[in-house]
Amino acid sequence: MKRHLTIGKLARAAEVNIETIRYYQRCGLIAIPLKPLGGQRHYPVSAVQRLQFIKRAQALGFTLAEIGNLLSLDEVSNCHEGRELAIQKLALVKQKIAGLKGIELALEDLVQQCEKGQQACCPIITQMTHGAAGLSTQSDA
């Protein structure tokens with residue numbers, strides 16, 4: 001791989017869209033290289049790793065703001081703060097999983113009621129209209 005990449009080559013190497021790179025630049029996650037007179041901007045090869053880091057962090061559920069914090073921590077090698085951010089994210093993920101398990105149980109109950117087929121009205125529609133135990137109008141997940 002060359003030492004410097006155009007935005008198109010950077011996008012292909014990192015497997016992202018060019019607009020994604022521009023968006024990350026606006027968010028301050030990727031530096032905008034200087035543009036030479038009449039030329040194209042050239043990105044360092046390290047930008048590929050940075051983009052891949054951002055995508056992996058997003059896959060783990062980190063927001064772009066949180067990713068920005070992680071990137072700044074990486075620049076000063078602050079493992080303790082990075083660990084704390086990961087602990088907070090893990091707690092949030094566990095909370096979401098618990099909420100989803102509650103939704104799963106409520107839906108399983110509704111499906112079982114429907115399979116009994118003894119009601120005149122559809123129990124799924126009835127419960128959603130009048131409120132079902134375990135179902136909330138707030139999105140916990």
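Model, not experiment: these values are computed from the prediction.
Val111 is not connected to Ile103 by any chain of hydrophobic side-chain contacts under 4.5 Å among Ile, Leu, Val, Met, Phe, Trp and Tyr, and they are in different clusters. Residues Leu51 and Ile32 are members of separate hydrophobic clusters, defined by side-chain heavy-atom contacts under 4.5 angstrom among Ile, Leu, Val, Met, Phe, Trp and Tyr. No chain of hydrophobic side-chain contacts below 4.5 Å, direct or via other Ile, Leu, Val, Met, Phe, Trp or Tyr residues, connects Leu70 to Val93. Tyr23 and Phe62 end up in the same hydrophobic cluster when Ile, Leu, Val, Met, Phe, Trp and Tyr side chains are linked at under 4.5 Å. Both Leu60 and Tyr24 are members of a single hydrophobic cluster when ILVMFWY side chains are connected at heavy-atom separations under 4.5 Å.
Between Leu105 and Asp109, every side-chain heavy-atom pair lies at or beyond the 4.5 Å cut-off. Residues Ile67 and Leu64 have side chains in contact (heavy-atom distance under 4.5 Å, counting atoms from C-beta outward). Side-chain contact check for Pro44 versus Gln49: every heavy-atom pair is 4.5 Å or farther apart. Contact annotation: the side chain of Arg50 approaches that of Ile30 to within less than 4.5 Å [non-hydrogen atoms, C-beta and beyond]. At a threshold of 4.5 Å between non-hydrogen side-chain atoms, the residues His42 and Pro33 do not count as touching.
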side-chain contact (heavy atoms from CB on, under 4.5 Å) assessment of Val16 paired with Ile54: CA-CA 11 Å; Val16 298; Ile54 293 167; over 6 Å; no
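Expressed to the nearest 0.5 Å, how far CZ of Arg41 lies from CD of Gln25 amounts to 7.0 Å. Atoms CD and OG1, on Glu15 and Thr20 in that order, are 12.5 Å from each other to the nearest 0.5 Å. Here the CG atom belonging to Leu73 is positioned 14.0 Å from the CZ atom belonging to Arg83, to the nearest 0.5 angstrom.
Residue-environment remark: CG (Leu34) stays at or below the threshold of 12 foreign heavy atoms within 6.0 Å. Dense packing is recorded around CD of Glu84, with more than 12 heavy atoms of other residues, nucleotides or ligands lying under 6.0 Å away.
When all heavy atoms of Val48 and Ala13 are compared, the pair lying nearest together is CG2-CB, 3.8 Å. Of all non-hydrogen atoms in His4 and Val45, the two that sit nearest each other are N-CG2, 4.4 Å. Between Ile18 and Gly8 the shortest heavy-atom distance is CD1-CA, 4.0 Å.
A salt bridge between Arg22 and Glu19 is present, with a side-chain N of the basic residue lying under 4.0 Å from a carboxylate O of the acidic one.
In the model, Lys55 has no side-chain atom that pairs as donor or acceptor with a side-chain atom of Gln52 under 3.5 Å.
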